[in-house]
Amino acid sequence: MKAALVLQTDFGLCDGAVSAMYGVALSVDPNLHIYDLTHEIPQYMIWDASYRLLQTIRYWAKGTVFVSVVDPGVGTNRLSVVAKTASGHYIVTPDNGSLTHIQEEIGVVALRQIDETVNRLPNSGDSYTFHGRDVYAYAGARLASGLISFEEVGPELDVNQLIRLPIHQAEVADNGEIIGSIDILDVRFGNLWTNLDRSMLFDLGFTYGDKVLVTIASNRSVVYQNMLTLRHSFAETACGDALLFINSLDKLGVAMNQGSFAHAYHISGGATWQIRLKKIKEN
Amino acid sequence: MKAALVLQTDFGLCDGAVSAMYGVALSVDPNLHIYDLTHEIPQYMIWDASYRLLQTIRYWAKGTVFVSVVDPGVGTNRLSVVAKTASGHYIVTPDNGSLTHIQEEIGVVALRQIDETVNRLPNSGDSYTFHGRDVYAYAGARLASGLISFEEVGPELDVNQLIRLPIHQAEVADNGEIIGSIDILDVRFGNLWTNLDRSMLFDLGFTYGDKVLVTIASNRSVVYQNMLTLRHSFAETACGDALLFINSLDKLGVAMNQGSFAHAYHISGGATWQIRLKKIKEN
Amino acid sequence: MKAALVLQTDFGLCDGAVSAMYGVALSVDPNLHIYDLTHEIPQYMIWDASYRLLQTIRYWAKGTVFVSVVDPGVGTNRLSVVAKTASGHYIVTPDNGSLTHIQEEIGVVALRQIDETVNRLPNSGDSYTFHGRDVYAYAGARLASGLISFEEVGPELDVNQLIRLPIHQAEVADNGEIIGSIDILDVRFGNLWTNLDRSMLFDLGFTYGDKVLVTIASNRSVVYQNMLTLRHSFAETACGDALLFINSLDKLGVAMNQGSFAHAYHISGGATWQIRLKKIKEN
């Protein structure tokens with residue numbers, strides 16, 4: 001059984017870029033099974049690419065080879081690598097921070113630099129702007145098809161030298177407030193996804209039905225402050241009501257049932273966005 | 001030969017949700033063939049999901065397993081079901097109206113409730129917000145791969161208890177006007193798709209070349225009234241001209257050649273939109 | 001080994017049209033491998049469809065069957081054809097100009113008209129508006145699966161009678177300026193892709209590091225004129241700086257590092273857009 005090849009980029013699907021990557025991978029092995037993670041990562045947003053890998057990797061079989069290309073540094077001396085994760089997956093990517101969440105929450109157990117003298121599309125040496133096609137799809141396909149082993153990717157690197165984006169850790173303040181960050185949006189539905197784990201919240205005594213004072217701030221300016229209830233599901237609230245919920249990654253989310261919380265309050269995700277919780281009333 | 005698995009959701013493709021569904025299905029059987037219907041159903045629009053199933057199902061082989069997840073009631077006690085259609089297909093879906101058009105125009109011959117004690121992703125019991133991944137993709141993959149039979153989905157239900165959205169039937173008024181509804185848009189091209197069958201219109205004496213007085217109303221307010229000609233094809237009219245045509249589902253459509261009729265007149269689809277036809281002149 | 005089937009349309013992915021094409025192709029052969037080029041060709045833009053075929057075809061294995069459906073003339077007497085390219089690929093398409101770039105840069109060595117008495121979806125004869133499903137997907141699947149040979153597509157046509165869109169050739173003016181056209185945008189990133197080949201530019205003495213006076217005009221009105229440097233990669237410039245580069249098709253591009261050159265200066269692609277280069281200073 002060959003491993004599946006799963007592609008992620010910020011290229012979008014409106015031109016032929018992703019299709020060229022498919023063609024290159026299938027030219028390595030026409031029987032490869034190729035799938036998409038997403039190609040709608042916002043342009044150059046390495047953070048989002050890193051997060052989407054974490055969101056999906058555990059649902060794919062061990063041995064699956066991910067290719068993740070959000071690559072503003074293409075053509076510079078940033079490294080091209082393949083990481084082996086503690087979960088038994090492989091990720092082919094430029095070393096620019098796209099492994100941040102995987103390394104933090106799952107672990108990277110080994111790292112290889114792609115040897116482009118063998119693992120690069122033949123006769124593509126004059127192309128400096130599309131390594132997604134010429135290097136990453138090609139090398140990923142060779143690994144997924146079994147043409148090369150992980151060791152044959154290229155020379156070993158120290159996993160501790162991987163580029164990492166800064167991650168805020170959740171914490172409990174002296175006044176009892178829980179302080180977290182809004183890591184990313186569930187873009188389509190306008191929900192906020194925080195870095196606060198269900199297990200942490202439940203260990204601190206939270207439970208479904210609790211009323212919580214929620215404060216959301218951007219660069220320390222408060223943009224939202226209100227009481228919300230922690231719900232099992234959206235449908236427990238009236239249509240249009242805001243709520244707290246545990247999302248599909250077992251982290252705290254903030255939503256508006258059948259509306260968009262993010263649009264309603266002009267809230268986005270990323271390093272500048274903070275969420276604070278204070279439990280007011282028991283269930 | 002395994003059956004194909006065809007996925008439809010309102011999740012969009014900009015994050016990892018659909019990819020997680022693929023991963024779960026392939027973890028059931030890595031040799032499954034998985035395809036997409038669409039993932040761009042407008043958020044929570046069960047009507048559209050129901051319609052898109054009708055639009056495509058007849059073009060897929062018998063035995064194909066569809067998974068359709070537009071699920072505003074996730075986490076409530078709405079049922080999770082698998083329907084067997086008169087056409088020999090299976091549809092895995094929350095029972096919330098998404099089988100309306102299939103039941104109306106094709107027929108549902110048997111219905112089973114998904115037994116989540118066996119047909120749910122192991123260790124996913126604490127997730128209340130993503131049954132598309134944890135229940136529907138998993139159960140659909142088990143059925144498509146042949147791991148379970150239709151009977152092993154779970155207990156039988158009465159097909160007459162399926163939730164159905166209200167459907168307007170086409171009718172002929174006393175003054176001879178034909179009254180129908182605008183079921184949905186061909187979104188990308190801005191065409192209106194009505195519920196008026198070609199066979200009904202032709203039985204009533206309509207034919208290509210006929211000039212027809214077309215009245216379009218929303219909540220009884222007329223928003224468009226003009227003479228249009230029933231054409232074989234868009235290209236029979238001048239670029240920019242409006243026309244009547246028979247669409248790819250053999251129903252009457254209203255279009256503007258290389259323009260958008262829907263945008264031009266601010267027309268949408270759904271229960272409040274009515275179309276009336278009066279034939280003025282023979283071909 | 002069967003050939004891959006690769007689909008391109010202007011249908012978008014928000015309804016069931018592309019899925020119906022997949023279903024039809026798989027009804028011909030359930031083991032076909034079907035992939036997408038793109039379905040986001042702007043509506044009716046035959047030029048873009050032609051260009052995207054050129055962008056991707058060389059990355060797919062010989063024998064691959066492309067189906068390209070941008071078809072404003074559906075239902076008229078425009079021909080339905082299959083072209084065999086000098087590169088050993090097949091393209092199934094309406095004859096309306098969508099083979100322009102392939103014929104110009106790669107070559108069409110043989111052409112057949114689709115015989116719809118055999119190579120059309122059975123019982124689809126009353127549908128005049130969706131030949132993508134009824135003719136092109138069906139005929140393409142028959143060819144890719146090996147059910148028919150290229151000769152069995154239908155009667156031979158003269159390749160010189162193919163409809164071609166007008167293409168501007170790059171030229172060198174008397175004053176030494178190089179005059180080219182902006183063929184298309186890299187839409188997602190806002191880069192301009194010109195028709196100026198790297199080999200032509202380098203033969204004329206250009207090299208990386210050169211400073212070039214770039215003039216961009218629409219219908220002879222200058223909309224941009226400034227000095228730009230020819231770079232190996234985007235990352236050699238400051239974030240936000242404009243640059244010249246060689247794109248992934250070995251043609252000259254104009255970009256703004258992590259910005260959108262096209263949005264910044266309201267520039268688009270196509271027949272009315274001209275670019276002129278004058279080298280000012282050696283590297």
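Residue numbers start from 1 in every chain, and the chains themselves are labelled A, B, ... in the order their sequence lines are given, proteins ahead of strands.
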* Structure fact -> Cut-off 4.5 Å, heavy atoms of chain C, and the answer for A:His39 is backbone
* Side chain from CB out, backbone as N, CA, C, O: work out which of these in C:Arg52 comes under 4.5 Å of a heavy atom of chain A, or both, or neither. => side chain
* Over 12 non-hydrogen atoms of neighbours within 6.0 angstrom of CG in A:Asn123 -> no
* Asked: Picking from A:Ala17, A:Gly12, A:Gly23, which has the most non-hydrogen pairs under 4.5 angstrom with chain C?
  -> A:Gly23
* Structure fact -> Between the CD1 atom in C:Ile106 and the NE2 atom in C:His101, the distance rounded to the nearest 0.5 Å is 11.0 Å
* To do: Specify whether A:Phe150 and A:Tyr90 have parallel, tilted or perpendicular ring planes, treating 30° as the upper limit for parallel and 60° as the lower limit for perpendicular.
  => tilted
* With respect to chain A, which residue among C:Val187, C:Leu249, C:Leu37 yields the maximal number of heavy-atom pairs within a distance under 4.5 Å? -> C:Leu37
* For chain C, which of A:Thr76, A:Thr129, A:Asp15, A:Val18 has the most heavy-atom pairs under 4.5 Å? -> A:Asp15
* A:Arg133 versus chain C, the contacting section by heavy-atom distance below 4.5 Å -> side chain
* To do: Measure A:Val24 against the heavy atoms of chain C and call it side chain, backbone, both or neither at under 4.5 Å.
  => both
* Is the A:Phe66 ring parallel, tilted or perpendicular to the A:Trp60 ring (thresholds 30°, 60°)? -> perpendicular
* Work out which heavy atom in A:Trp273 is nearest to a heavy atom in A:His266; give both atom names and the distance. => CH2-O, 3.5 Å
* To do: Pick one of side chain, backbone, both or neither for A:Ile34, based on which atoms fall under 4.5 Å of a heavy atom in chain C.
  => neither
* So, the side chain of C:Thr85 versus the backbone of C:Ser87: is there a donor-acceptor pair under 3.5 Å, distance only? -> yes
* To do: Please state whether the side chain, the backbone, both or neither of C:Ile246 comes within less than 4.5 Å of a heavy atom of chain A.
  => backbone
* To do: Heavy-atom distances under 4.5 Å only: say whether C:Arg58 touches chain A with side chain, backbone, both or neither.
  => neither
* Asked: Do the charged groups of A:Glu152 and A:Arg142 touch, with an N to O distance under 4.0 Å?
  -> no
